[in-house]
Each structure stands twice: as structure tokens, then as C-alpha cells.
Amino acid sequence: MEATTETPKKSLNFIEAMVEQDLREGRNNGRIQTRFPPEPNGYLHIGHAKAICMDFGIADKYNGICNLRFDDTNPAKEDVEYVDSIQEDIQWLGYQWKNVYYASDYFQQLWDLAEKFILDGKAYIDEQSAETIAKQKGSPTVPGVESPFRNRPAEESLALFRNMNSGEVPEGAMVLRAKIDMAASNMHFRDPIMYRIITDHPHHRTGWTWKAYPMYDFAHGQSDYFEGVTHSLCTLEFEVHRPLYDWFIDQFQDSDYRPRQTEFNRLNITYTVMSKRKMLQLVNEGLVTGWDDPRMPTLCGLRRRGYSPASIHNFIDKIGYTKYDGIIDLGLLEHSARETLNKSATRVNAVLNPVKLIVTNYPEGQTEVLNTENNPEDPSAGSRELIFSRELYIEREDFMEDAPKKFFRMTPGQEVRLKSAYIVKCTGVKKNEDGAIEEIHCEYDANTKSGMPDANRKVKGTLHWLSTENAVDAEVRLYDRLFSIENPSADERDFRALINPDSLKVLTGCKVEPWLKNEPALAHFQFQRTGYFNIDPDTTADRLIFNRTVSLKDSWAKEQSRS
RNA sequence: UGACUUAUGGUGUAAUGGUAGCACUGCAGUUUCUGGAUCUGCCUGUCUAGGUUCGAAUCCUAGUAAGUCAACCA
């Protein structure tokens, strides 16, 4: 384990640096505890993966623990459906929490704490309407005005608070507010709401037991405290909440221990949206097929698209954690997938847009078995067999009748190699009445079979192919960026108008190697010279469906688009 | 016209007062039975102005720009 050659030490991100300093200073008795605190109101996306890798990663690296805590303080939005999917996605990423907690586990503790705030004169019941309270908040530059209920007797507030939870008080009739400072420059200090009434939705765990529910600011930090969290890591938009987080804890902290909140930048990626609201809209309005649509940035969508946990981790490792709110190039995510899949994906011949190629000098009825490697990057992946015959399929785009000089593929008179098979030379084409190409004809050189003496002859192009004898049909779904502009969130136009109309292309009548019929859903492959693909879960016994995860880099396409 | 935060190549991220480096992208080449992968090289950067210091991307001040905050959401 001792590294004798000095490998350059990977630099720490600012949170790791902070944790190491806390450890050196013996803070919280050297204990490290984090939590991942999703609200169960939607599916996890790649941005959550960044947070998950941070929360669980810190715990793993510094011998701490990380718990999963559902921040379920708003029954109007939450559902068990989400609780389940969130757990599945975290485990898919390869993490295991120490405990599962729910903010709703602490409803009684929070209630008791709130009563203490009331008795201490630090909270009061306000019976004004939401609009009035909002108006009285003032603005960042104008101080707020105090509620007429602000200085009512504690006993009165306490009685009303208990009424709030009785079911007798309608929603919106009263709230519990912290008594802080209506002139504070931080808006969150202007007597923030601690409790509100929700009577028309049962809580997904506590049912109809509670009528008054704590707000985020009075639940999150307190839950951290109850659990013994040392490092409460969250994204930058909670920066302005931190003083309030600290204020609440200051009011009842009773030992050296205290949790501390630290914020890092959230993940933004070009050509997609990462807001739950917008993603929900895409799903509800049928603009995508569901939360797991392979174009979605959700973890279930990426999984279905063909991203492996390793490729997600590869990506997260590249992007870093800072306090600068930038936007990551989608190309980096795609690169992360290619880099990971290149090492693990079995190579396959698949012809997406087939045209017949007839090897005119190959005996009719004859077939032979050829051998080909499964992955040139990984010799241990072994090899498999391909059937060669007189009639083959190749890609329509791999043939041009009048080819430019740089076209290395099949064109009359030019030799090309059929991968793992023979060198062939195009001798002509057969067209139908409309002039469309029906068949391409070629002759093969029997001495050029892979491994034979003349096989080393240099040819510019190598094509993938399939025998018509045993190729099987497949549907292939090609995905592209969901939005046609880099940063749809920063655009004034409705984001739905910015959806890329070509984000999905469905190809039918594609041909693939026959054994792929028996592969399980989500198994991933490289279609040689084309891209990385996986098997879609919609696949049935008689309908084989592939999703393109990401294309291979294509310098020929680039060359073409230049002219 | 408030508070908090941030500013390093096109993008993201290192350098923790002492040589501005890495990755992606782009470009050129090498190599290849995938126009993939590999390998090599190149392009491009410390927001501005002051100050502290032998020395500043780093510390200080001011400016500029950007993000977040005024839900009975989290």
C-alpha cells in the first residue's frame, strides 16, 4: 500500500480541506457525519448525483457516516413513489446510507422545541393573511413592519399554536413566526415562518395526525442537530439561509456540538434543464415520455440511456466542487461516458441503415465462420463468431457512387476491408427504376482473410457488415440534446419552445448480430464505428430496441460538415 | 438601490504569499483491420485600478460584472 514513487497528490476541494482542518482541530470530537436530504417530491437527477457523491464521499473518505434523510415537511407535494425511487437511485450509484431518517420522525421534537421558543418569547402566532405578511416584509432596501400580533402574550400564542394542530383552524388562518428582526438586511430574518397549517393533504407517513407542519428553515437545521450531523452540505442557493440556520441552533444548543452548513455550487449542464419544476412540466405535458425518458437528466433517464454508475462517477470526478456557479459543457458528460464505455463495452456489428452488398465471386450458398475480438481495449473480453456469406448488409452511408478524394469507404474501383473478413473491391451497383441503389456489387480477394498472408495489404477504409443469413431486425432510438440552445434556463422565452425537435429519431429495420436478442435490458455495447448503445427495457421477445447512449467521435462527419 | 457569495484560456478546475498546471473542446500530426481508441504537439487564461510585500492568481481597499435572497416550497 506504500507508494514509493510519488504520485502527485490529488488536490482537495474546499470542503475536503475544511473537513481535514476540523479533524486537525478536533472539532465535534473528530466525528464526521453528513446526510443526503432530498425532499421526496420528484426523481433524482445528475445534479443530485453530484451532491450524493459529496455527502457520501466525505463520509467514506474520513471514516464518518452518511445518512439518508427525507425532508418531508410538506405533505402537499410528497409521495412514497419518490421515496422508493430515490433509494433505488442512490444504491444504483453504489452508495449505502447508515440509516434512513425522515424529518417527519422529528415532528414531535420540533413541536416541543417550537413551544419552548414561544414560551421564551422568541416566537408568536400571527393571524394575518399571507398577503399581508408578505407586504409587511418590506423589500431588501425597505425595512419591514412588525405584525400587530408580534408582542401578544406567550400563553396566548401557545394556546393558539395548539389550536393550529387541532384541525379547527383552517389553512392560512395563522402561522407561527420567529421573533427576530423585521429590519434585518437578510430577508430571512424578518420574522420567518416556522409553522403553517396543511389540512387537505395527508402526510405520506404520518397521515392525518398533524395539521401544522414545520417549514424548511425550522426543520432542516434542527433535524441535523437531532441526528448529530457535523457537516451539513448543500448548494449555494442556501447561503442566505445559513445565518438563520445558525440563529435557530444558537437558541437551544446545549453542548460544544453543533452542525455547520457549507454550500457548494450546484451542477448546471448545457442543453438541458435541471429544475424539478421544469422537469415535472416536461413529464406532465408529454414533452418527454416520462421521468426515465433517455433524454432526461434524471438518474433513471441516464440509466435507461446507457450511462453506467461508473460513467456518472467518472463525470462527477471531473467537474469539481467550488463556490462558482458555472455551466458544464454537455460534451464533458458525453466524454465521460465514452471513456468509461470504451473499456467495457462489447463491440458489435450493427447496420443502422442497411443496403445489400453482394460478393459476386463468393460461392452462392456457402458460408463461413469468422472470429472477431469482443473488445480491442480488453483482451480478456475474448472473441466471438461472425457468419460470412455472399449476401451482406452494409451501411448505406458507407457507399458513394461519385466519391470525393477523402472518402475512404466503398466506391467503384476502391478496395476496402470488411472488418474481420476480406478485402473487397466494388464492381458496380444495381439500381431500381427510380434510380435508387438496390444492391452494391463487389469481388473479394480470398487471400486477404484476416490473419492470412495478403491480409496486411493497406486499405484506407474498414467497414462493419452483417450477413443477411442471420442478421436480426432491431429498432434503434437515436437521442440528441433535449434543447437546441446552450442555456435554456437563462433564456426569456418559454423553455418548452426551446426543445430540440430532433432530440429523438427512431430507426426501424436496423440489423444487428443475432445473439443480441438474448441480452438483458440495459446491457451496453459499442456498435462499431457508430456509437455506444444499450438495450431498452421496452424490448420484447419479438421487438429488439436499442438506445444510443452517445455516438462515437466522428472525424469524417466533421470533415463533411466543414464543406 | 440592501445582504450574502463569486470572478484563473471557449468550458470546468488546480496552484493554500514563491515556476500559472490539468481535463474537456478546437486545430495539426502519429498510429490503427473501428475515420473509434492510443500517442504527440499546438492554440488560448489570473475582471479593472490602487495598496501591502523581496515576491500577489492568492492578502487589503475601491470599482466592475455575475449568481442567490423579499413562497404559509425545499
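Every value quoted in this text rests on a predicted model; they were computed, and no experiment measured them.
Listed nucleotides B/U34, B/C72, B/A3 differ in distance to A/L552; the shortest reach to its side chain belongs to B/U34. Of the candidates B/G2, B/A70, B/G67, B/G67 carries the atom nearest the A/D325 side chain, counting heavy atoms from C-beta on. Listed nucleotides B/U5, B/A3, B/U34 differ in distance to A/Q528; the shortest reach to its side chain belongs to B/U34.
Of the listed residues (A/F117, A/F161, A/Y124, A/Y213), just one forms a ring-ring contact (aromatic ring centres under 6.0 Å, His included) with A/Y195, and that residue is A/F161. Here the options are A/E513, A/Q528, A/K419, the test is side-chain hydrogen bond (donor to acceptor under 3.5 Å, both in side chains), and the partner is A/N349; only A/Q528 passes.
B/C73: no Watson-Crick or G-U partner with both key distances under 3.5 Å is found in any strand. Here B/A3 sits opposite B/U68 as a Watson-Crick or G-U wobble pair (both hydrogen-bonding atom distances under 3.5 Å). The pairing partner recorded for B/U40 is B/A28, the criterion being a Watson-Crick or G-U wobble arrangement whose two distances lie under 3.5 angstrom. B/A49 is paired with B/U61 under the Watson-Crick or G-U wobble criterion, all donor-acceptor distances under 3.5 Å. Of all nucleotides present, only B/U13 satisfies the Watson-Crick or G-U wobble test against B/G21, with each distance under 3.5 Å.
In this structure, the CD1 atom of A/I327 is 16 Å from the P atom of B/A66, given to the nearest Å.
Projected onto RNA chain B by closest heavy-atom contact, A/T322 and A/Y532 fall at different nucleotides, the more 5' of which corresponds to A/T322. Between A/S129 and A/F407, the residue whose closest nucleotide on RNA chain B is further toward the 5' end is A/F407.
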- Query: Between A/S489 and A/K278, does a side chain to side chain contact (heavy atoms under 4.5 Å, CB included) hold up when you go through it step by step?
  - Reply: CA-CA 9 Å; A/S489 305; A/K278 288 177 179 161; 3.9 Å; yes
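Surrounding NZ of A/K406 are at most 12 heavy atoms belonging to other residues, nucleotides or ligands under 6.0 Å away.
Residue contacts shown for A/M174 are absent, as no nucleic acid heavy atom lies under 4.0 Å away. Residue contacts shown for A/G42 are absent, as no nucleic acid heavy atom lies under 4.0 Å away. Counting any heavy atom pair closer than 4.0 Å across all strands shown, A/E39 reaches sugar-phosphate atoms only and no base atom. Using a 4.0 Å heavy-atom cutoff across all strands shown, A/Y195 reaches no nucleic acid atom at all.
A side-chain donor from one of A/E81 and A/Y43 sits under 3.5 Å from a side-chain acceptor of the other.
A donor-acceptor contact under 3.5 Å is not formed by the side chain of A/H188 with the base of B/A3. Below the 3.5 angstrom threshold, one finds a donor paired with an acceptor across the side chain of A/Q526 and the base of B/U34. If you check distances only, the side chain of A/R338 never reaches the base of B/G36 with a donor-acceptor pair under 3.5 Å. At a cut-off of 3.5 angstrom, counting only N and O atoms as typed in the model, there is no donor on one side facing an acceptor on the other between the side-chain of A/Q560 and the base of B/G35.
Residue-nucleotide stacking is present for A/W556 and B/G35, judged by a side-chain ring centre under 5.5 Å from the six-membered base ring centre and planes under 30° apart. Using a 5.5 Å limit on the distance between ring centres and a 30° limit on the angle between planes, the aromatic ring of A/Y324 does not count as stacked on the six-membered base ring of B/A7.
OP1 or OP2 of B/G36 sits under 4.0 Å from a side-chain N or O of A/S555.
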